[in-house]
Number of protein chains: 2
Amino acid sequence: MTQGSYYQFCPVAMASEVLCKRWTMVLVRELVSGSTRFNDLKRGVPRMSPTLLSQRLKELEAAGVVVRLPVPGEPGISEYHLTPAGEDLLPVVKALGVWGQRWVESNLSLRNLDASLLMWDMRRNLDPTPLPKRRVVVKFCYPELPSTRRNFWLVVESEGHVDLCATDPGFDIDLYVTTDLRTMTAIWMGLDTIEQARDRIAFDGSRQLAKSMRQWLGLSPFASEENLAAHA
Amino acid sequence: MTQGSYYQFCPVAMASEVLCKRWTMVLVRELVSGSTRFNDLKRGVPRMSPTLLSQRLKELEAAGVVVRLPVPGEPGISEYHLTPAGEDLLPVVKALGVWGQRWVESNLSLRNLDASLLMWDMRRNLDPTPLPKRRVVVKFCYPELPSTRRNFWLVVESEGHVDLCATDPGFDIDLYVTTDLRTMTAIWMGLDTIEQARDRIAFDGSRQLAKSMRQWLGLSPFASEENLAAHA
DNA sequence: CAGTATCCTATCCGATACTG
DNA sequence: CAGTATCGGATAGGATACTG
């Protein structure tokens with residue numbers, strides 16, 4: 001920020017000096033969510049310039065929150081891993097998220113729609129356990145978007161690894177989901193349910209998969225029962 | 001910050017937009033600690049310019065965190081009170097403070113010594129219950145400081161109200177405490193104990209009061225047993 | 001006491017391009 | 001893929017003085 005330290009011995013101030021800068025908490029959220037590679041982190045904070053991302057990572061490294069580790073076998077490439085101090089930021093991120101979910105008007109959140117961000121998050125929290133033990137592909141389509149950014153493929157491999165594609169990976173598709181971005185985002189955030197939004201979603205393909213969507217589609221970590229109830 | 005929003009629907013990002021700006025979390029700490037008047041808040045964030053303080057208060061008001069209320073009987077004067085959303089920031093402040101206390105190297109904190117800030121905090125957490133039910137005055141002296149900013153009087157009125165004076169209020173003094181600022185700050189933060197620092201503190205006056213100091217002197221809300229133990 | 005007004009600069013950061 | 005280099009502009013915010 002514009003100038004240096006707060007000059008306060010208080011631990012809240014000391015912590016804020018490290019964490020309360022533009023983008024830093026959002027980046028930390030990505031880190032505690034498990035991203036370690038530069039470009040994975042970038043996908044989680046798409047509006048952040050690579051320069052600033054790099055700078056913030058260095059600051060967090062200097063603060064003892066992350067360590068940059070070379071990847072054996074991939075020269076020139078590093079991963080950013082949380083230190084114990086970094087892991088211990090989970091409660092801070094959680095507290096912020098809980099507060100945001102509870103008190104930031106949901107209309108405000110739903111103004112910041114971003115399909116690739118949403119899909120990237122969904123990829124992260126997808127639960128493969130209720131799915132058949134083979135490759136499963138779900139194609140999402142948001143017809144409102146320009147055709148090049150409209151389609152997403154979630155590819156769940158048989159061992160459970162999930163991939164997100166923005167171009168057709170060419171596999172057979174098990175389920176087509178067509179809806180609008182706001183609806184899908186609201187569901188993901190726990191502000192709406194699939195049942196309630198049923199008439200704004202079109203399913204095609206496996207009825208089985210469509211029916212169990214609530215199961216395999218995880219929800220946002222902050223989609224609380226509280227909110228689900230409030231809007232039920 | 002330099003430019004607008006993060007454009008993310010994620011509640012962590014939404015909350016960070018409101019809270020993760022320079023000085024804001026430190027100000028919120030003051031608010032959840034109970035300060036409501038402009039100048040009381042100012043004492044808690046002495047390096048923050050009044051302009052910025054005023055601006056941040058307006059931002060927090062716009063975000064629904066505080067309400068500005070005119071004080072009946074004192075025209076032109078307002079108090080800043082937390083809304084329910086504001087009260088609900090306590091877990092966020094706590095999480096930050098716990099993290100800071102645990103992971104920010106204590107030497108770093110102890111670089112930011114500030115006597116009036118320390119005394120102001122001590123005033124806030126002082127526990128009058130173990131004190132005699134009359135006015136009790138404790139004078140603190142930090143000989144290292146310039147003579148005009150060296151002395152502080154904690155005045156505990158018989159009903160328990162605590163006042164902090166930087167000039168002699170003229171009352172009889174029950175206990176004189178003379179020490180260095182780093183020692184007193186470390187004790188307050190739970191990084192040291194009165195016993196361990198005994199040879200760096202001089203007491204004069206009521207032996208009773210000196211002995212019970214650990215009782216009536218509160219400690220910082222983040223002075224955890226964890227830390228006390230670690231340094232014992 | 002409780003703020004506002006003004007000014008001015010450091011720096012943050014966004015955009016874009018580029019490299020191994 | 002994983003970043004670095006460079007640039008320019010906006011603005012945040014520090015300092016100070018001032019007012020009802």
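A, B, ... follow the sequence lines: proteins, then strands. Residue 1 opens every chain.
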| task | Mark up nucleotides 15-20 of chain C, 5' to 3', with B wherever a protein heavy atom is under 4.0 angstrom from a base atom, S wherever such an atom reaches only the sugar-phosphate, and - elsewhere. | result | BB----

Take the protein atom [atom1] of [X] and the nucleotide atom [atom2] of [N], then report the distance between them rounded to whole Å.
X	N	atom1	atom2	result
B:E17	D:dA12	CD	P	13 Å
B:L41	C:dC1	CG	C1'	13 Å
A:K21	C:dA10	NZ	C1'	14 Å
B:E79	C:dA2	CD	C1'	12 Å
B:L57	D:dG13	CG	P	14 Å
B:L53	C:dT4	CG	P	10 Å
A:R22	D:dA10	CZ	P	16 Å
A:L52	D:dA5	CG	C1'	15 Å

Could you tell me whether [X] and [Y] have a side-chain N and a carboxylate O separated by less than 4.0 Å?
X	Y	value
A:D174	A:R134	yes
B:K58	B:E61	no
A:R124	A:E30	yes

| Roughly how far, to the nearest 0.5 Å, is the CD atom of A:Q55 from the OG atom of A:S49? | 8.5 Å

Please tell me if [X] has a side-chain N or O lying less than 4.0 Å from either OP1 or OP2 of [N].
X	N	result
A:S54	D:dT4	yes
A:Y80	D:dG3	yes
B:R56	D:dA12	no
B:R37	C:dC1	no
B:W23	D:dG14	yes

| query | Taking the six-membered ring for Trp, are B:Y142 and B:F152 parallel (under 30°), tilted (30 to 60°) or perpendicular (over 60°)? | reply | perpendicular

| Angle class for the B:Y6/A:W23 ring planes (parallel below 30°, perpendicular above 60°, tilted otherwise)? | tilted

| field | Dot-bracket notation for DNA chain D, counting Watson-Crick and G-U pairs under 3.5 Å, with | for partners on another strand | value | ||||||||||||||||||||

| Between B:N39 and B:Q55, which is nearer to the 5' end of DNA chain C once each is assigned its nearest nucleotide? | B:N39

| request: Would you kindly say whether A:E159 and A:H161 are connected by a side-chain donor-acceptor distance under 3.5 Å? | output: no

| query | Would a distance-only check, ignoring hydrogens and angles, find a side-chain to backbone donor-acceptor pair under 3.5 Å from A:N125 to A:L219? | reply | yes

| Can you find a pair of side-chain heavy atoms, one from A:M48 and one from A:R22, that are under 4.5 Å apart? | no

